[in-house]
There are 2 protein chains.
Amino acid sequence: MTLPVTHPLSDGRTSGAPLVTTYRGVRGAVTPVWFMRQAGRSLPEYRELRVGTRMLDACLDPELASEITLQPVRRHGVDAAIFFSDIVIPLRLAGVDVDIEPGRGPVLASPIRSAADVAALPSPSGADFSAVSAGVARTVEQLGTTPLIGFAGAPFTLAAYLVEGGPSKDHLRARTMMHADPDAWAALLGWAAEVTGGFLRAQILAGASAGQLFDSWVGSLSVADYVERVAPHSAAALAQIADLDVPTVHFGVGSGEVLKPMHEIGVDVVGVDWRIPLDVASSRLGGQVTLQGNIDPALLAAPWPVLESHVLDVLARGRSAPAHVVNLGHGVPPETDPAVLTRIVELVHAQGEDRVDG
Amino acid sequence: MTLPVTHPLSDGRTSGAPLVTTYRGVRGAVTPVWFMRQAGRSLPEYRELRVGTRMLDACLDPELASEITLQPVRRHGVDAAIFFSDIVIPLRLAGVDVDIEPGRGPVLASPIRSAADVAALPSPSGADFSAVSAGVARTVEQLGTTPLIGFAGAPFTLAAYLVEGGPSKDHLRARTMMHADPDAWAALLGWAAEVTGGFLRAQILAGASAGQLFDSWVGSLSVADYVERVAPHSAAALAQIADLDVPTVHFGVGSGEVLKPMHEIGVDVVGVDWRIPLDVASSRLGGQVTLQGNIDPALLAAPWPVLESHVLDVLARGRSAPAHVVNLGHGVPPETDPAVLTRIVELVHAQGEDRVDG
């Protein structure tokens, strides 16, 4: 498949969408809202569709991935879709033997533990993203003026999976390679930046209106290690979409110490987890950066008045930033009652309307 | 067994030990050093002793626990022993059906998920700590002037295990109970504070010269939740040894955001993980608090010059605090070469001597 050279969204269908304008730093009457992992296990219609299909196979089936991506938009009325995929998809497409074990997460047949293992990785340019492009194109066609967010894992988080080979707590093996063999580490992150940047680029070229880089495990790093041995590779991944005119978001869990360097790789928006309030995050970013977040997922099962007051607090603190997109501080937990998410969307949108009226 | 009313260390055998004076805020010529999890799987002599004995059974065998506690003191020449036990021991002794699955961690037969589950917990006053007291007494006798550190898990970390029932990433179930049923949460943490405080008190009464409270999972909390719904219970646990004249340390992983409230529960020393440098931690604590830490465990497998330079950097940054005890930023990884730990002890001690000579 030959990818188009120009961005297909030059038709501008989503350029006035609240999510896109907010990502570009313009605060509108209504605060946009979407949820990380909104497409997934919390929805009965998703669980039904997924029966008998393995996770990565579902991601690579354009029709299935597209339908799953659209489900939460229809149900919740969120301001954006995020493409249903997984951060290890580019590894699989590059030829790495990786799968997702239900209830466990990504598992590699052969973890990368040495310079020789890194050197033996398949060529990153060999990845064929046509299934991803097809899924995105199909989704965008059906979304109309609702923007689609493309996404990719950041090189560190991918490297953590590649080195650990499975779930781990502090990603100690990966962080050990970083110091015990810094050359192998740099080569590994360079490789990961190339495949994951290609994955993100394919989604934007096929019609996604924004891109989010997930560095899920960045919180396990010391600040110095992040700045010196990780951030440059995240910037390299992002550079692959620098010529495409879409806003970008950067999110990590437990990232309070590294918010500023995470912004400095060149993104428009910083996603914040539930650990620090948005006004504190904004102040660490000099009050100049659009924020996304940060409803605590642990509140989703609380009585509605408790959750409502928390959402209003998130909105109020979000006013310390130039613009704000409401989201959770992490992905939707599988056991979440979907009705609660719908109610949050209504609450957030109603606040905007009140404000215009009042 | 009747516990003595007065502290048995009134004989003062360890009161002049570098660890104890440093914990009391007095910087000596030599910086003391010990390692979290120094007694354990990194030592071949430990692995040999443990063959055929389950973890919690080993902790509750006074002879075995004592011998394991002494092994790293003999081998590395560290400035303190830390009693070989586990933070779930007080749960087991209170009658909770908990075990440690090798390679997995604490697993509960019946996780605590509701107010009724909390109400059905066994009485905390029923715990019999005599096996712990016997192990500590035996250890202290053999340690001579080397101090023994007693320890206990903080109520939140214990509650996280009790609610999750097994390993978890962000302790979402526990944090959900905190908000969905705050009364049950408070009752659970009150219960945990009582049993874990009793466990710590038993160790001090039997001869430990200091106490460390581990709130391992504190890093998953928002600052507000920590201050309002966790810290008061940690203070309650600590209050159980307030009448015993021993210095106290408080440590958590990923605790950069809550260092100050962790100090404010009333401890003498704050332990810092590897994420932020000690000078940053010290500045967050107003430069007035003795620190413990924070060699990055990921550096233990790096070439010696890299590790050496990191240890010297930790020592240099530790000078920003009134006093400093060297430790790792987390426990010794099982695969650590013990010779490296011995070499770190020699390096740290030699720095002190150089400084006196120079």
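The structure displayed is predicted, hence computed values, not measured ones. All values below were derived from every heavy atom in this structure, side-chain atoms included, with hydrogens, water molecules and symmetry-related copies excluded. Letters A, B, ... are given to chains in the order of the sequence lines, protein chains preceding strands, and every chain is numbered from 1.
In terms of non-hydrogen atom pairs under 4.5 Å with chain A, the most contact-rich of B:Arg275, B:His310, B:Glu335 is B:Arg275. By number of non-hydrogen pairs under 4.5 angstrom with chain A, the leading residue of B:Pro167, B:Ser220, B:Ala174 is B:Ser220. The greatest number of non-hydrogen atom pairs below 4.5 Å with chain B, out of A:Gly219, A:Gly256, A:Pro182, is found for A:Gly219. Note on B:Leu307, B:Leu299, B:Val223, B:Val306: by heavy-atom pairs under 4.5 Å with chain A, the leading option is B:Leu299.
B:Arg284 has a carboxylate O that lies under 4.0 Å from a charged side-chain N of A:Glu257, or vice versa, which qualifies the two as a salt bridge.
Proximity to chain A is limited to the backbone of B:Leu221, based on heavy atoms less than 4.5 angstrom apart. Using a 4.5 Å cut-off between heavy atoms, B:His171 makes no contact with chain A at all. Only the side chain of B:Asp225 comes within contact range of chain A, with heavy atoms under 4.5 Å apart.
A:Trp185 does not carry A:Arg229 over the face of its six-membered ring by the limits of under 6.0 Å from the centre and within 45° of the normal.
The nearest pair of heavy atoms linking A:Ala231 to A:Ile265 is O-CG2, 3.7 Å. In terms of heavy atoms, B:Ile112 sits closest to B:Met177 at O-CE, 3.6 Å.
Counting heavy atoms from C-beta on, the side chains of B:Leu347 and B:Leu312 come closer than 4.5 Å.
Within a 6.0 Å sphere centred on CZ of B:Arg41, heavy atoms belonging to other residues, nucleotides or ligands number 12 at most.
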